[in-house]
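Okay, structure first, notes after.
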Amino acid sequence: MSVATDIEERAADFLMRRGEPAWSGEDQRELDAWLDASMAHKAAFWRLEHGWAAMDRLAALPPQWKSRQPVFPLLRQRWKIAALAASLLLAIMAGGIYRSFNSSAVQAKFATLVGANLTVPLPDGSEAQLNTASAIRAEVSGRHRWIWLDRGEVYFSVAPDPSKPFVIHAGARRITVLGTRFAVRRDGQKVTVSVVDGRVRLDGDGPASGVGSVTVEKGGIAVADGGTTLLAAQSVESIERRLTWRQGMLNFDQSTLGEVAAEFNRYNRRQLVVSDPTIAAMRIGGSFQTTNVDAFIRLLRDAYGLRGEESGEQTILSR
Amino acid sequence: MSAENSLNAWFCREVLPLEPGLMRFIRRHWRDTAEVPDLRQEIYERVLTGASREIPGHVPHYVFMIAKNHMINRARRARIIQFDVVADLEAVVVDADVLTPERQLSAREELQKVQAGLHRLPPRCREVIELRKIEGLSTREVAERLRIGINTVEQQTTHGMRALSDFMLGGTGRIRRPAPKSRLTRGQGS
């Protein structure tokens with residue numbers, strides 16, 4: 001366990017016992033001595049004391065108040081309305097709302113430009129986070145929850161609702177969810193599904209697709225391309241490492257420079273070009289801000305002695 | 001007011017409201033999320049040590065300079081140096097968005113936030129905190145009321161206390177349990 005966690009636990013223990021009837025002068029001296037021993041102890045204790053004091057506001061509530069009864073439903077209702085309003089607003093910004101031909105449900109379009117990142121709250125409480133250069137259409141109504149992934153990559157956090165499966169159409173594939181967190185990436189007809197929590201089902205889209213059904217479990221990755229689907233079990237940690245774009249970071253572990261450059265190129269207008277195969281095969285590890293190509297080029301210069309030559313919207317990497 | 005009391009008051013008034021921005025800053029520039037609470041703690045320690053000699057003028061600037069320098073030092077000392085982390089941090093100009101302290105909440109807003117934080121706790125933990133803070137029961141009384149052990153009450157109280165403090169200071173408000181140590185070390189490549 002970390003030093004900071006140890007200190008915080010000790011501080012919480014002191015703070016809890018200090019409020020007890022059994023707290024003695026001896027205890028107080030022990031606390032004082034502990035606080036005097038280090039500024040780190042003071043920082044942890046004062047921080048908790050401050051946060052815990054805010055809890056005293058609860059004393060203003062009547063004793064029969066219990067959070068098990070629905071807590072301020074009004075507020076949550078407002079939240080939903082606000083989320084819906086926000087999603088509609090975004091929809092308007094993203095290109096407008098129109099009625100689809102075969103139902104009365106509203107279809108909303110959302111899209112991101114290169115390098116952008118957009119979180120869209122859906123009316124059912126689910127959330128979609130769009131990565132760079134991505135586009136979806138969403139139709140979420142009282143009867144169904146349908147998403148079309150037109151391009152790019154999206155992380156979904158799906159509110160559980162067994163009566164209305166959450167269905168994503170990605171090219172020739174269909175992904176069915178009951179309530180989970182996962183990402184779908186589409187490169188043309190290649191579809192990659194990475195599941196952080198829960199499970200999803202991956203089918204061919206439409207009855208004539210002739211593609212079998214595959215269930216992807218927590219920590220699993222499925223890559224579907226043409227008629228084949230590849231399923232790999234991984235740790236949740238490694239899945240989450242693949243999804244650090246959600247925090248604006250790219251993470252590489254022993255990837256080749258060619259692969260790293262291709263990833264960067266998804267997020268930036270300025271494209272990295274690695275034509276020399278010996279350079280493209282170099283192994284790179286590290287974490288980088290998705291849009292900070294300059295820092296990456298600087299690292300390549302300082303650590304690996306490579307040159308970056310600019311030419312229009314391209315940077316050509318060479319020795 | 002003793003020097004220590006005024007340092008405590010200064011810390012709560014000027015530094016803690018910066019925590020949401022500080023946490024965003026640390027997360028944005030640090031790879032291993034398991035180390036984020038350590039970094040926060042170490043930064044606060046340095047902030048207090050400096051301020052105990054002289055209370056600084058522009059607090060946000062002071063706190064983020066300490067954060068940046070501490071992270072650079074720590075990244076350099078690491079067994080596997082992440083060149084990119086150091087390079088990124090050295091180049092960073094602290095953005096305006098992280099420098100803005102949290103807006104002071106009104107009493108009513110604060111009560112709502114407290115309730116929202118309570119709502120995020122697991123049911124047993126929430127019940128213990130409610131009995132303590134709303135009904136003002138002691139550990140022993142809570143244990144008797146719920147027919148559970150004193151140890152359990154103590155544990156739930158400290159878990160809840162830490163999660164709620166975190167939530168009030170802009171965190172997720174989830175209980176952090178000691179996790180088994182399983183950190184991957186990743187090389188810088190050749």
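Order of the sequence lines fixes the chain letters, A, B, ..., with proteins taken first and strands second; residue numbering starts at 1 for each chain.
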Segment of [X] engaging chain A (4.5 angstrom heavy-atom cut-off):
X: B:I129; result: side chain
X: B:Q155; result: neither
X: B:Y44; result: both
X: B:R27; result: neither
X: B:L16; result: side chain

Top of [options] for chain A proximity - count of heavy-atom pairs under 4.5 angstrom:
options: B:V47, B:V15, B:T158, B:L39; result: B:T158
options: B:N8, B:T139, B:L48; result: B:N8
options: B:R132, B:K113, B:R140; result: B:R132
options: B:Q41, B:E45, B:M168, B:K133; result: B:K133

Residue [X] versus chain B: region with a heavy atom under 4.5 Å:
X: A:L15; value: both
X: A:M16; value: both
X: A:T244; value: neither

salt_bridge(A:E30, A:R10) N-O dist < 4.0 Å: yes

Check the side chains of A:R47 and B:S165 for a donor-acceptor pair under 3.5 angstrom, ignoring hydrogens and angles.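 Side chains of B:S165 and A:R47: no pair found under 3.5 Å.
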
Check whether the side chains of A:S24 and A:R29 place a donor and an acceptor atom closer than 3.5 Å, and report yes or no.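 No, because no side-chain N or O of A:S24 sits under 3.5 Å from a partner of the opposite role on A:R29.
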
Mind checking whether [X] and [Y] have side chains closer than 4.5 Å, heavy atoms only?
X: B:K68; Y: B:H29; answer: no
X: A:M249; Y: A:Q289; answer: yes
X: A:T315; Y: A:Q271; answer: no

When only pairs under 4.5 Å are counted, which of A:H50, A:R17, A:E49, A:E20 shares the most heavy-atom pairs with chain B?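 Answer, by heavy-atom pair count under 4.5 Å with chain B: A:E20.
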
Choice from A:G51, A:A43, A:S38 maximising heavy atom contacts with chain B below 4.5 Å: A:A43

Just to verify, what does A:F156 make a ring pair (Phe, Tyr, Trp, His ring centres under 6.0 Å) with, not counting sequence neighbours?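 Counting only residues at least two positions away or on another chain, A:F156 forms a ring pair (Phe, Tyr, Trp, His ring centres under 6.0 Å) with A:F166, A:F182.
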
Would you compute the distance between atom CD of A:E259 and atom CG of A:L257 and round it to the nearest 0.5 angstrom?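 So the gap between those two atoms works out to 9.5 Å.
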
So that I know where these two stand, are B:F25 and B:F64 an aromatic pair - ring centroids less than 6.0 Å apart? yes

